[in-house]
Amino acid sequence: MKAIVDCNNFYCSCERLFQPRLEGRPVVVLSNNDGCVISRSDEAKKLGIDMGVPLFEVRSLLHAQQVAVFSSNYALYGDCSWRVMQVLREILGKERVEVYSVDEAFLELDELGREQLEKLALSIRNQVEQWTGIRVSVGVGPTKTLAKLANRLAKKNKTATNCVVVLSTDSEIEEALRCTAVADLWGIGGRYGKQLRERWGIYDGWQLAKVSETFATKYLGGVVGTRLVRELKGIPSREMEDERTRKKMIATTRMFGRKVYELQEIREAIASYTARAAEKLRRQFSAAGYLSVFIISHAPGQRHGMAYDNHCILDKPSSDSSVLIRAALKLVNAIFKPGLVYKKAGVVLGDIVPAAARQGSLFDTNNTNDNLPLMLAIDNINFSCPPAHQPQHDSILRFAAAGTNRGWKMKQEFRSPRYTTKWREMPRAR
DNA sequence: TCTGGGGTCCTAGGACCC
DNA sequence: TCTGGGGTCCTAGGACCC
């Protein structure tokens, strides 16, 4: 049997952890640049604040209802996530835990009886809450997709279910599928949902579980759809995956805090995003062989601007910020067009390989020329020291190319302290 | 006026090879 | 009018996820 543990309103719960006075009050967390709402407490959901709604549309409602508003604080959420996952690993053993996202993990459970499964799920839920302060929901089923469905039902009705739902008998599964709209299934998004309804008259999960594999292959994206339908029928087709700690692609992209016109500012932004991406790369002991940059211009009155991108293959894979920044700046120079207004830029690293197994370049006489020790020293210092009195900066040691004014930086007006990851921002007890 | 950021997997189609 | 058959690799783009 498979289970999925999912943290309730994760980002909001993290904020509340350090401000218990917010318990029972509506809370929301905003996306980067304070653009839209990406996490809501139950109280905020009840006020009718939708997921993903732009801040400006609900500003007065938030104010009138005295909703506590936070900018996103990824240092805090990442650390809380790690704590939750550690508890799961302690309970089940780390081979049985697959971290799926910042707030979700799949668990491999034994084939126990129904009551025992429910007891186990409940005890996991309680243990996590007791040790981390984060409330979670647990869904259990014969496949990952059905576990997801169980979890959804658990969250939908927290009081009745105690945040735990087990789907183990055929009739339980049938009933759950019947009461779930097809687009609410894991793996069916808006596009397929619409097609299934309008073209095939398939509205709920039970109908979809009945289609043939040929149908799924043909109309739901090939093997992806086939796997999904098999999972609904109770045949495990998405096995537990090895913790793939190494990402295959690393991106740092941001909206600017204001309109940007000058190449110099774009270069600063690209340099600082590249430095950030390189940091992520080094954290997983990798090097990248491919680098791409893009900038997006602002078309007045339109939702989407025009994208300009450029990429290169590096002579040899690298995780050296200065090497990557140099390459990125060269790329951005080639695509910048004066006279446009820019609103966003980004850097993507690809062709990622383990740093230890890099293929050297045939023409490179100096293979040890990477500044890895220097880079690691920089990472260490940046991790432990906050940038004192310089709110426009995230780190104390930076590359000159990233600039000093940084007027383009994203807005973060409501960020809480990084309680658990920066010494100077630790909570104080009187 | 103001709408995020970071990932994965898969398919189709073109270029190229023998 | 008729014009081989199979591979592989790469890229772009679609769809989905949190």
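Here is how names work: the chains are called A, B, and so on, in the same order as the sequence lines, proteins then strands, and each is numbered from 1. Everything quoted here is computed from the prediction, not taken from an experiment.
Between A:Met249 and A:Arg227, the residue anchored nearer the 5' end of DNA chain B, judged by the nucleotide with its closest heavy atom, is A:Met249. The residue among A:Gly222 and A:Ile38 whose nearest nucleotide of DNA chain B is located toward the 5' end is A:Ile38.
Here OG of A:Ser297 is found 10.5 Å from CZ of A:Phe336. Values are rounded to the nearest 0.5 Å. Between atom CD of residue A:Glu104 and atom CZ of residue A:Phe10 there is a gap of 11.0 Å, rounded to the nearest 0.5 Å.
Closest to the A:Phe56 side chain, of the nucleotides B:dC9, B:dT3, B:dG4, is B:dT3. Nearest nucleotide to the A:Val224 side chain, out of C:dC16, B:dC10, B:dG6: B:dC10. Which of B:dT8, C:dC18, B:dG5 sits closest to the side chain of A:Ser101 comes down to C:dC18. Closest to the side chain of A:Cys36, from the set C:dC18, B:dG4, C:dC16, is B:dG4. The nucleotide whose nearest atom lies closest to any side-chain atom of A:Met255 is, among B:dG6, B:dC2, B:dT3, B:dT3. Taking only side-chain atoms of A:Glu57, from C-beta outward, the nucleotide of B:dT3, B:dT8, B:dG5 with the closest atom is B:dT3. Among B:dG6, C:dC18, B:dG4, the nucleotide with an atom closest to any side-chain atom of A:Thr252 is B:dG6. The side chain of A:Ala251 has B:dG7 as its nearest neighbour among B:dC9, B:dG7, C:dC17. For A:Val223, taking side-chain heavy atoms from C-beta onward, the closest of the listed nucleotides B:dG4, C:dC17, B:dC10 is B:dC10.
Rounded to whole Å, the distance from CD on A:Glu239 to P on B:dC9 is 16 Å. For the pair A:His298 NE2 and B:dT1 P, the interatomic distance rounds to 10 Å; values are reported in whole Å. Rounded to an integer number of Å, the gap from CG of A:Asp351 to C1' of C:dT11 is 12 Å. Atom P of nucleotide B:dC2 and atom CD of A:Glu413 are separated by 16 Å, given to the nearest angstrom. The distance between atom CZ of A:Phe256 and atom P of B:dC2, rounded to the nearest whole Å, is 16 Å. A straight line from NZ of A:Lys144 to C1' of B:dT8 spans 13 Å, rounded to a whole angstrom. Between the CZ atom of A:Phe294 and the P atom of C:dG13 there is a distance of 15 Å, given to the nearest Å. Spacing between atom CD of A:Gln284 and atom P of B:dG6 amounts to 14 Å, rounded to whole angstrom units.
Between A:Lys259 and B:dT1, a side-chain N or O to OP1/OP2 separation shorter than 4.0 Å is absent.
Among the heavy atoms of the strands, none lies under 4.0 Å from A:Asp34. Residue-level contact check: A:Val53 touches neither bases nor backbone, having no heavy atom under 4.0 Å from any strand. Looking at heavy-atom distances under 4.0 Å, A:Ile250 makes contact with sugar-phosphate atoms alone, never a base. Using a 4.0 Å heavy-atom distance criterion, A:Lys148 is classed as a sugar-phosphate-only contact. Contacts of A:Leu349 with the nucleic acid, taken as non-hydrogen atoms under 4.0 Å apart, are absent. Residue-level contact check: A:Arg254 touches the backbone only, with heavy atoms under 4.0 Å from sugar-phosphate atoms and none from bases. Using a 4.0 Å heavy-atom distance criterion, A:Asn33 is classed as making no nucleic acid contact. Counting non-hydrogen atoms under 4.0 angstrom, A:Lys411 reaches nothing in the nucleic acid. Using a 4.0 Å heavy-atom criterion, one finds that A:Ile188 contacts the sugar-phosphate atoms exclusively. Using a 4.0 Å heavy-atom cutoff across all strands shown, A:Ser72 reaches no nucleic acid atom at all.
Remark: the backbone N or O of A:Asp320 is paired with a side-chain donor or acceptor of A:Ser318 at under 3.5 angstrom.
With contacts defined as side-chain heavy-atom distances shorter than 4.5 Å, the pair A:Asn73/A:Val29 does not qualify.
If you check C:dG6 for Watson-Crick or wobble pairing at under 3.5 angstrom, you find it paired to B:dC17.
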A:Ser41/A:Asn9 under side-chain hydrogen bond (donor to acceptor under 3.5 Å, both in side chains): CA gap, chis, key distance, verdict: CA-CA 6 Å; A:Ser41 70; A:Asn9 315 328; 5.9 Å; no
Output, in order, the C-alpha distance, side-chain angles, deciding distance and verdict of side-chain hydrogen bond (donor to acceptor under 3.5 Å, both in side chains) for A:Arg89 and A:Gln86. CA-CA 5 Å; A:Arg89 292 186 189 107; A:Gln86 274 306 107; 2.6 Å; yes
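Minimum heavy-atom separation, A:Ile270 to A:Ala345: CD1-CB, 4.1 Å.
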